[in-house]
Amino acid sequence: MNEMLNVALPKGRLGENVYDLFARAGYRCPEIENPSRRLTFENSALGIRYFWVKPSDVAIYVEKGAADIGVAGKDILLEYRPDVYELLDIGLGKCRMAVAAPKSFREDHKKTLRVATKFPNIAKKYYASVGRDIDIIKLNGSIELAPILGLSDVIVDIVETGATLRQNGLEVFETLFGISARLISNKASYRFKREKIAAVISGLSAAVKKETEND
Ligand code: PRP
């Protein structure tokens, strides 16, 4: 029997680039290339099935085994620490995690720092490492608004081009770490579908290498 490999792709522009990489690695699925609202696609001849998943949910699908493998940002892996294997840096979705604030911001160590973020665990860990007392304000998006409206002093957020910060009068005060998309695997799937997953890793590695050489 041709056992299927279930792949969770992050829905959106990153996911489309990730699918292109899978396609170049030999895992095309023509159905997924036509615009539609469907969320699952399979190529039974190749034994592969793709799902479009909200990017921040990919790690949950993989951890629970609903998907065997998937692609998630390093930010999500560091924030949620899912119990999965991280197999490969696929080099897409490059950005960084940073502390940003209005240009006029000055640190006042006598006060608890108010930090708005979608990434409370990352923010807490960073500020604990520098011994700074903080209050976390957990938001779900448009984080840049928080310091503008006085809801927080700083933000801990993703910076890609820097355009959102610039256009809102904010700047980076500290870069915490670089981020890129990672291939992850469910732990049991990695044992039971080892050969299939190994073939995906080597196909993707070769495609990533080619991409880097063409850069
Ligand atoms: C992310 C991030 C920043 C922006 C950074 O937000 O939270 O707001 O992208 O990108 P830039 O440096 O290229 O401007 P996203 O688009 O995911 O939306 P969100 O605000 O709803 O989280």
Side-chain angles (χ1 to χ4, degrees), residues 7-21 32 35 37 39 50-63 67 70-82 84 86 89-105 113-130 132 134-184 208 211-212 215:
V7 184
L9 295 177
K11 206 172 169 193
R13 195 165 49 87
L14 170 65
E16 283 162 24
N17 293 334
V18 171
Y19 167 73
D20 286 344
L21 203 66
I32 210 173
R37 301 289 293 170
L39 298 172
Y50 293 106
F51 314 130
W52 286 128
V53 173
K54 191 174 155 77
S56 51
D57 289 342
V58 167
I60 299 171
Y61 280 79
V62 173
E63 182 181 63
V71 172
K74 186 68 181 173
D75 52 329
I76 300 294
L77 301 179
L78 288 172
E79 177 64 24
Y80 297 103
R81 302 221 162 259
V84 298
E86 188 181 315
D89 181 347
I90 64 167
L92 296 172
K94 281 197 178 139
C95 52
R96 58 196 166 123
M97 187 66 70
V99 176
K103 290 189 176 71
S104 58
F105 169 71
L113 188 70
R114 297 168 307 152
V115 181
T117 188
K118 272 191 288 197
F119 302 96
N121 294 324
I122 289 171
K124 278 182 207 159
K125 194 168 172 208
Y126 166 67
Y127 282 106
S129 78
V130 294
R132 182 72 170 99
I134 59 164
D135 279 337
I136 291 278
I137 297 144
K138 165 79 169 73
L139 298 175
N140 298 300
S142 300
I143 314 297
E144 293 82 0
L145 262 180
I148 296 172
L149 299 182
L151 180 61
S152 75
D153 302 306
V154 301
I155 63 174
V156 168
D157 199 18
I158 287 168
V159 180
E160 191 181 349
T161 61
T164 313
L165 291 182
R166 265 194 309 280
Q167 290 177 27
N168 290 289
L170 308 180
E171 63 182 32
V172 169
F173 276 71
E174 193 84 49
T175 293
L176 306 190
F177 50 83
I179 295 169
S180 57
R182 309 297 162 102
L183 180 71
I184 58 173
V208 170
E211 186 111 314
T212 339
D215 269 355

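In what follows, residues are counted from 1 in the order of the sequence shown. Whatever order the structure lists them in is the order used to number ligands and atoms, beginning at 1.
Under a 3.5 Å cut-off, the side chain of Glu63 and the backbone N or O of Val84 do not form any donor-acceptor pair.
Scanning all heavy atoms of the two residues, the minimum distance from Pro55 to Lys11 falls at CG-O, 3.5 Å.
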Short N or O contacts of ligand 1 with protein, under 3.5 Å, listed by atom name?
residue  : atom   : partner : partner atom : Å
ligand 1 : 7 (O)  : Asp157  : OD1          : 3.1
ligand 1 : 7 (O)  : Asp157  : OD2          : 2.7
ligand 1 : 8 (O)  : Glu144  : OE1          : 3.3
ligand 1 : 8 (O)  : Glu144  : OE2          : 2.6
ligand 1 : 12 (O) : Glu160  : N            : 2.8
ligand 1 : 12 (O) : Thr161  : N            : 3.0
ligand 1 : 12 (O) : Gly162  : N            : 2.7
ligand 1 : 13 (O) : Thr161  : N            : 2.8
ligand 1 : 13 (O) : Thr161  : OG1          : 2.5
ligand 1 : 14 (O) : Thr164  : N            : 2.9
ligand 1 : 14 (O) : Thr164  : OG1          : 2.4
ligand 1 : 20 (O) : Ser142  : N            : 2.8
ligand 1 : 22 (O) : Lys118  : NZ           : 2.4

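For the side chain to side chain contact (heavy atoms under 4.5 Å, CB included) with Pro147, the qualifying choice from Asp153, Val154, Leu170 is Leu170, the only one to do so.
Sorted by first and then second residue, the ring-ring contact (aromatic ring centres under 6.0 Å, His included) pairs involving residues 144-173 (not counting sequence neighbours) are Phe105-Phe173.
Remark: aromatic rings of Phe51 and Tyr61 are distant, center separation not under 6.0 Å.
Using modelled atom types and a 3.5 Å distance limit, the side chains of Arg166 and Thr164 yield no donor-acceptor pair.
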